[in-house]
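Since the model is a prediction, treat every value here as computed from it, not as a measurement. Residues: numbered from 1 along the sequence shown.
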Amino acid sequence: PIRPLFPKGWHYETQLVTLTLSVDHEHPYDILAMNGASAAIAVSDIPLDKYVGAVRIGKLNGDFVVNPPEETFEELEMDLIVSGTEDAILMVECGARFVSEAEVLDALDIAHGEIRKVVRAIEELAQKAGKPKREIVVPEVDEALVAETRERFGAKLDEVTQVPEKLARQDAIDAVEQEVLEALAPVGEEADEAALARRTAVREAFAKLEKDIIRHRIAVLKKRPDGRAQDEIRPIECEVDVSPRVHGSALFTRGETQILSNVALGTTRMDMKVDDLRLLERKRFFHHYNFPPFSVGETGFMRGPKRRDIGHGALAERALAPTIPDEEEFPYVIRVVSETLESNGSSSMGSVCASSMALQAAGVPVSAPVAGVAMGLIKEGDDYIVLTDIAGVEDHLGDMDFKVAGSRDGITALQMDIKISGVTFDILRDALEQARRGRLFILDKMAEAIDGPREQMSPYAPRIESIKIDPEKIGALIGKGGETVRALQEEFEAEIDIDDDGTVRVYAPTGKQVEACIERIESMTKEAEVGDRFRGKVVKTTAFGAFVELTKGTDGLLHIS
């Protein structure tokens with residue numbers, strides 16, 4: 001939220017470091033860190049016109065709570081983090097359990113009231129302890145060059161910025177830019193500094209003209225670059241079972257954005273250990289997102305996930321998490337990986353859609369399908385337009401990026417970045433309602449490919465079954481030094497977990513191995529009853545019969561009669 005507030009012309013390398021020195025697990029450190037960062041800038045010599053405040057609004061047992069304690073996080077029906085200035089909200093992140101659009105708006109209203117209190121305290125601090133602000137020369141575009149470029153090349157630029165296909169449009173715009181540079185700022189083999197400065201000025205004028213043309217056409221004339229209506233979603237194609245060997249997969253294509261999501265199921269021993277400053281210790285559902293350079297037609301190093309990739313993966317995870325069954329119902333660890341194969345606008349919301357379908361294809365009994373859509377805003381004076389399913393150019397030149405994910409019953413995740421201060425609650429209300437309609441449309445398209453979780457899991461998925469034994473028999477099952485349970489695991493290629501209450505979980509590559517292992521455990525631990533049949537080992541013979549081992553520690557006499 002702070003980054004857009006830096007003045008144009010600020011070219012100093014700037015680093016804000018937040019050190020968490022102590023954690024009490026009552027007051028979450030993320031909100032404190034944001035407010036502390038804003039306060040640090042306020043007392044520095046960085047010339048920000050406005051300061052940022054942040055607050056968390058939780059919904060607990062039907063009521064809104066300001067900055068709820070960390071111990072309540074698992075119970076929250078909505079976890080909304082909001083930051084903004086005294087005038088406007090700038091950034092929102094939300095995870096929720098199917099809340100309505102009206103509830104989100106109410107929470108945002110409460111949040112802004114709390115943000116104003118924080119901002120006023122920071123302003124008071126700046127007055128008492130702030131340094132004098134640095135003078136910054138704001139760079140200005142040469143309006144005469146803009147006017148000349150518009151007069152000579154405006155019509156051609158207007159035409160090429162309406163080419164529907166992304167790469168073709170970029171190539172066409174680049175070609176016009178080269179024409180403009182050759183005409184207004186030609187450079188010979190030995191160009192002097194003045195000529196190079198002129199060329200830079202022409203580039204800046206061209207960029208401003210391009211932005212003005214596109215924004216005016218969208219906001220005032222209501223015409224999008226690819227010709228769509230403001231609430232129209234690009235063509236959607238959905239497919240499941242794309243990857244034959246994984247436990248579940250789905251391909252979601254929307255316009256020029258394409259995501260392949262793969263699901264892998266594992267045993268509870270494969271859960272993710274969380275070693276940070278939160279109370280959360282382990283996760284059994286996690287979603288990862290990859291954005292290779294080729295997805296936008298570029299080359300680049302692939303050295304692990306970047307900040308953006310981590311954020312998009314977390315957003316999709318937040319959107320899907322409320323639909324994941326609990327461990328008692330589905331005792332698996334679930335990992336989903338979304339691969340961005342092509343991107344032109346909101347690959348994060350595409351990954352929500354692909355991953356929801358992949359989970360259903362894997363046989364995970366999710367409570368509901370989830371879809372996501374990215375909304376945009378372009379505002380020119382009093383004219384504005386809310387856009388559904390924004391493409392890359394609309395995101396780049398727009399004033400708001402508003403991602404909403406959820407089911408038919410409500411919102412599960414929301415992320416909003418606003419670049420201007422004039423976004424009213426009426427605009428937000430329009431955007432949320434338009435997003436709801438778009439989400440329902442996408443869910444209908446997804447249902448054509450898969451309409452609910454499969455009853456059968458992939459034959460490649462591990463099988464997990466659990467049984468209850470007498471807790472007093474646990475020692476017999478484990479054996480001396482664990483030899484009995486180790487022998488069972490080797491024989492059936494299984495993993496066996498034993499809880500103190502007698503719950504035994506068996507994991508194996510196939511259902512047949514699980515069944516055989518459970519049958520053996522039951523024979524070892526059950527009490528022998530009249531009518532039971534056993535195949536037993538003769539452990540001793542006597543003059544009056546033979547002793548046969550029925551279960552571990554229990555022999556039966558087979559009398560000679």
Side-chain angles (χ1 to χ4, degrees), residues 245 247 264-273 281-282 284-285 325-335 362-365 453-561:
R245 184 58 181 79
H247 303 156
L265 305 175
T267 68
T268 51
R269 292 182 181 182
M270 303 175 76
D271 58 356
M272 180 188 287
K273 301 294 187 294
E281 295 178 348
R282 61 185 287 264
R284 54 178 285 270
F285 166 65
D326 59 30
E327 193 169 336
E328 286 69 32
E329 181 185 354
F330 193 71
Y332 289 85
V333 166
I334 305 161
R335 184 188 183 202
V364 179
R454 287 189 173 137
E455 294 184 5
Q456 297 295 324
M457 293 194 300
S458 162
Y460 301 113
R463 291 299 187 268
I464 303 176
E465 297 288 345
S466 62
I467 58 168
K468 257 305 210 236
I469 66 170
D470 184 346
E472 294 185 1
K473 301 283 187 178
I474 290 175
L477 177 57
I478 293 173
K480 185 178 179 181
E483 62 180 6
T484 304
V485 75
R486 278 200 304 272
L488 285 170
Q489 291 181 149
E490 289 177 11
E491 181 180 351
F492 296 103
E493 299 178 32
E495 292 181 20
I496 300 172
D497 284 344
I498 306 168
D499 293 341
D500 292 340
D501 65 354
T503 301
V504 180
R505 296 185 189 85
V506 180
Y507 317 94
T510 67
K512 187 174 288 187
Q513 288 167 297
V514 169
E515 290 167 9
C517 187
I518 284 179
E519 186 178 336
R520 178 73 62 82
I521 292 170
E522 288 177 333
S523 72
M524 291 169 58
T525 57
K526 77 184 293 290
E527 293 288 344
E529 298 176 4
V530 174
D532 286 347
R533 298 172 65 88
F534 291 90
R535 178 180 293 276
K537 177 184 177 183
V538 176
V539 293
K540 183 181 180 184
T541 56
T542 66
F544 52 83
F547 285 95
V548 180
E549 185 181 64
L550 304 181
T551 63
K552 196 78 172 175
T554 303
D555 298 343
L557 171 62
L558 185 63
H559 196 266
I560 55 172
S561 62

Are there over 12 heavy-atom neighbours, none belonging to [X], within less than 6.0 Å of that residue's [atom1]?
{"X": "Glu522", "atom1": "CD", "result": "yes"}
{"X": "Asp501", "atom1": "CG", "result": "yes"}
{"X": "Lys480", "atom1": "NZ", "result": "no"}
{"X": "Lys540", "atom1": "NZ", "result": "no"}
{"X": "Glu465", "atom1": "CD", "result": "no"}
{"X": "Glu329", "atom1": "CD", "result": "yes"}

With rounding to the nearest 0.5 Å, note down the distance linking [atom1] in [X] to [atom2] in [Y].
{"X": "Met272", "Y": "Arg282", "atom1": "CE", "atom2": "CZ", "result": "12.0 Å"}
{"X": "Thr503", "Y": "Ile474", "atom1": "OG1", "atom2": "CD1", "result": "8.5 Å"}
{"X": "Arg486", "Y": "Ile496", "atom1": "CZ", "atom2": "CD1", "result": "12.0 Å"}
{"X": "Ser466", "Y": "Glu327", "atom1": "OG", "atom2": "CD", "result": "10.0 Å"}
{"X": "Asp326", "Y": "Phe285", "atom1": "CG", "atom2": "CZ", "result": "14.5 Å"}
{"X": "Leu488", "Y": "Ile478", "atom1": "CG", "atom2": "CD1", "result": "11.5 Å"}

Subject >> Partner of Met457 under side chain to side chain contact (heavy atoms under 4.5 Å, CB included), chosen from Leu265, Ile464, Val364 >> reply: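 Result for side chain to side chain contact (heavy atoms under 4.5 Å, CB included) with Met457: Leu265.
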
Original post:
Given Thr525, which of Lys473, Glu472, Lys468 fulfils the side chain to side chain contact (heavy atoms under 4.5 Å, CB included) condition?
Top reply: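 Exactly one candidate clears the test, Lys473.
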
Original post:
Distance-only, no hydrogens or angles: does the Arg505 side chain make a donor-acceptor pair with backbone N or O of Thr267 under 3.5 Å?
Top reply: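 Not confirmed, Arg505 side chain does not pair with Thr267 backbone.
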
**OP:** For Arg533 and Gly531, indicate whether the former's side chain and the latter's backbone hold a donor-acceptor pair under 3.5 Å.
**Re:**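 Here the side-chain-to-backbone pair does not exist.
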
At their closest point, which heavy atom of [X] faces which heavy atom of [Y], and how far apart are they?
{"X": "Val538", "Y": "Ala546", "result": "CG1-CB, 4.2 Å"}
{"X": "His247", "Y": "Tyr460", "result": "NE2-O, 3.1 Å"}
{"X": "Pro462", "Y": "Gly266", "result": "CG-CA, 4.4 Å"}
{"X": "Arg463", "Y": "Ala461", "result": "NH1-O, 2.9 Å"}
{"X": "Ala494", "Y": "Ala508", "result": "CB-CB, 4.1 Å"}

**OP:** With sequence neighbours excluded, tell me which residues meet side-chain hydrogen bond (donor to acceptor under 3.5 Å, both in side chains) with Arg520.
**Re:**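 side-chain hydrogen bond (donor to acceptor under 3.5 Å, both in side chains) check on Arg520 returns Glu491.
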
Subject >> Residues in ring pair (Phe, Tyr, Trp, His ring centres under 6.0 Å) contact with Tyr332, at least two apart in sequence or another chain >> reply: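 Counting only residues at least two positions away or on another chain, Tyr332 forms a ring pair (Phe, Tyr, Trp, His ring centres under 6.0 Å) with Phe330.
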
